[in-house]
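Since the model is a prediction, treat every value here as computed from it, not as a measurement. Start at 1 and go down the list; that is how both ligands and their atoms are numbered.
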Amino acid sequence: MILVTGGAGYIGSHAVLELLQAGHEVLVLDNLCNSSRVAISRVERLAGRPVNFIKGDVRNRPLLNALFAAYPIEAVMHFAGLKAVGESVREPLRYYETNVSGSIALCQAMAEAGVFRLVFSSSATVYGETSVMPISEQCPTGVPTNPYGQSKLMAENVLRGLANSDPRWSIGLLRYFNPIGAHESGQIGEDPDGTPNNLLPFMLQVAVGRRSELNIFGDDYPTPDGTGVRDYIHVVDLVKGHLKALERLEQSNGVSVWNLGTGAGYSVMQMVRAFEEVTGRPLPYVIKPRRPGDIAQCWSDPRKAWQELGWRAERDLTTMLADAWRWQRQNPRGYAGEKTGDKKTAPAALAS
Ligand code: NAD
Ligand code: UDP
């Protein structure tokens with residue numbers, strides 16, 4: 001059985017579906033602070049199998065101990081965390097506590113239970129500002145400009161120290177570039193709370209009429225059209241990389257780092273044009289000043305994951321945008337449009 005922390009969230013829910021479809025048993029631990037129980041119900045429907053779901057906090061050591069005692073957990077995918085850059089600047093302690101202390105609590109419980117295989121959600125933000133493109137895993141980590149990025153780098157360092165201290169650990173640090181898109185069914189996808197920070201969720205809300213126009217943050221970057229360039233990767237490709245990493249970690253130990261990206265960069269303006277093609281309608285936008293802390297460009301060298309995991313991203317930009325658009329059209333208000341009875345799958349003694 002695989003424990004998936006944060007399994008009700010955007011990436012976690014896609015990972016849970018992929019794990020179930022690959023025949024794994026899954027236990028989800030999520031406090032639902034940024035997600036909905038509906039996502040889990042939809043994953044169950046798509047997979048045709050129930051999911052063991054526990055509503056609880058990854059920082060809750062007694063709960064973690066009880067879970068490791070009650071379920072035959074062989075490995076962990078650790079998605080639970082906070083991810084809003086701006087919020088992390090305003091509330092740094094909450095970010096360090098959840099992203100760093102949460103990872104520490106999880107590893108303590110894993111070690112006590114004799115579970116040493118861990119896939120960790122890291123981010124390309126740990127590379128900081130670097131001008132050499134594409135970014136390979138050899139590129140030194142930089143100085144992330146905000147507490148979110150710092151918390152990811154700190155968690156990576158905690159995990160390195162841990163693996164150095166005990167050879168039984170086998171840890172994959174997966175550095176994501178820009179995950180977008182949704183499962184092809186349109187049943188699960190990204191459902192941001194409030195105003196979206198990220199480009200595609202904002203564009204989607206403009207397209208369904210929830211917002212009037214997109215703000216393009218800067219058209220004076222040293223890029224071909226002046227707008228920021230990123231490496232967007234389909235969330236389904238991303239989670240397939242996690243399953244490959246999980247398999248690979250069974251035969252290795254120590255820490256392994258893999259970039260999960262496509263290797264191709266697209267500018268904001270290219271994203272707007274490609275999105276207009278997919279939706280068949282114009283996307284209103286205005287040019288605004290650069291967003292503080294943004295880098296001009298960032299794309300991956302994905303070759304290490306291909307060489308070592310036999311994994312590479314397969315879905316192109318049009319597929320990413322079409323799948324995201326299907327999700328948004330079918331669920332204009334995200335998961336809020338649906339209520340489910342809160343099926344209690346947690347044994348009462350384990351619920352926090
Ligand atoms: P998300 O917010 O949709 O998912 C995170 C999940 O963790 C949510 O369901 C939330 O309820 C849960 N959670 C948060 N704090 C928790 C706690 N203390 N205990 C239990 N559950 C808790 O975000 P996502 O986009 O799916 O991201 C998943 C992971 O990937 C995060 O660690 C994030 O930092 C990392 N990541 C995301 C991106 C991205 O662009 N989405 C990029 C790089 C890295
Ligand atoms: N961006 C934008 N308008 C938005 C959100 C983002 O122009 O409403 C730009 C941003 O400046 C960057 C790119 O889109 O160049 C991707 O931003 P996102 O926040 O999605 O990812 P990140 O900056 O974290 O890589």
Could you check whether Glu97 pairs with Arg94 (Lys NZ or Arg NE/NH1/NH2 to Asp/Glu carboxylate O, under 4.0 Å)? no
With a 3.5 Å cut-off and no angle check, do the side chains of Thr223 and Gln297 form a donor-acceptor pair? no
Where ligand 2 meets Asn197 - atom numbers and elements under 4.0 angstrom, heavy-atom basis: 5 (C), 19 (O)
In this structure, CZ of Arg117 is separated from CE of Met77 (nearest 0.5 Å) by 9.0 Å
When you measure from the side chain of Asp57 to the backbone of Asn31, do you find a donor-acceptor pair of N or O atoms at a distance under 3.5 Å? no
Partners of Arg291 by side-chain contact (heavy atoms from CB on, under 4.5 Å), sequence neighbours excluded? Phe217, Asp294
Tell me which residues fall inside the under-4.0 Å heavy-atom shell around ligand 1. Gly6, Ala8, Gly9, Tyr10, Ile11, Asp30, Asn31, Leu32, Cys33, Asn34, Ser35, Gly56, Asp57, Val58, Arg59, Phe79, Ala80, Gly81, Lys83, Thr98, Ser121, Ser122, Ser123, Tyr148, Lys152, Tyr176, Pro179
Atoms of ligand 2 close to Asn215 [distance to a heavy atom under 4.0 angstrom, numbered from 1]: 2 (C), 3 (N), 4 (C), 7 (O), 8 (O)
Look up atom CG in Asn164 and atom CG in Leu159, then write down how far apart they are to the nearest 0.5 Å. 11.0 Å
Selection residues 12-51 - residue pairs positive for ring-ring contact (aromatic ring centres under 6.0 Å, His included), sequence neighbours left out: Tyr10-His14
Decide, yes or no, whether a salt bridge links Arg326 with Glu184 under the criterion of side-chain N to carboxylate O below 4.0 Å. no
Tell me the protein heavy atom at minimum distance from atom 11 (O) of ligand 2, and give that distance in Å. Asp294 OD2, 2.6 Å
Name the closest protein heavy atom to atom 23 (O) of ligand 2, giving the residue it belongs to and the distance to 0.1 Å. Arg291 NH2, 3.2 Å
Ligand 2 atoms in contact with Ile216 (distance to a heavy atom under 4.0 Å): 7 (O)
Got a donor-acceptor contact below 3.5 angstrom from the Arg290 side chain to the Asp220 backbone? yes
For atom 18 (P) of ligand 2, the protein heavy atom that lies nearest, with its residue and separation: Asn198 ND2, 3.5 Å
Proximal candidate to atom 22 (P) of ligand 2 [heavy atom criterion; set Val229, Ile295, Thr223, Asn178]: Asn178
Record the part of Val268 in heavy-atom contact with ligand 2 below 4.0 Å; permitted values are side chain, backbone, both and neither. side chain
the protein heavy atom lying closest to atom 25 (O) of ligand 2 turns out to be Arg230 NE, 2.7 Å
Inter- and intrachain pairs under ring-ring contact (aromatic ring centres under 6.0 Å, His included), touching residues 72-100, at least two apart: His78-Phe120, Phe79-His242
One should read off an interatomic distance between Leu249 CG and Phe116 CZ, to the nearest 0.5 angstrom, of 14.5 Å
Checking contacts here: is it the side chain or the backbone of Leu199 that comes within 4.0 Å of ligand 2, counting heavy atoms only? Could be both or neither. both
Looking at Tyr232, Tyr285, Tyr266, Phe217, the heavy atom closest to atom 16 (C) of ligand 2 belongs to Tyr232
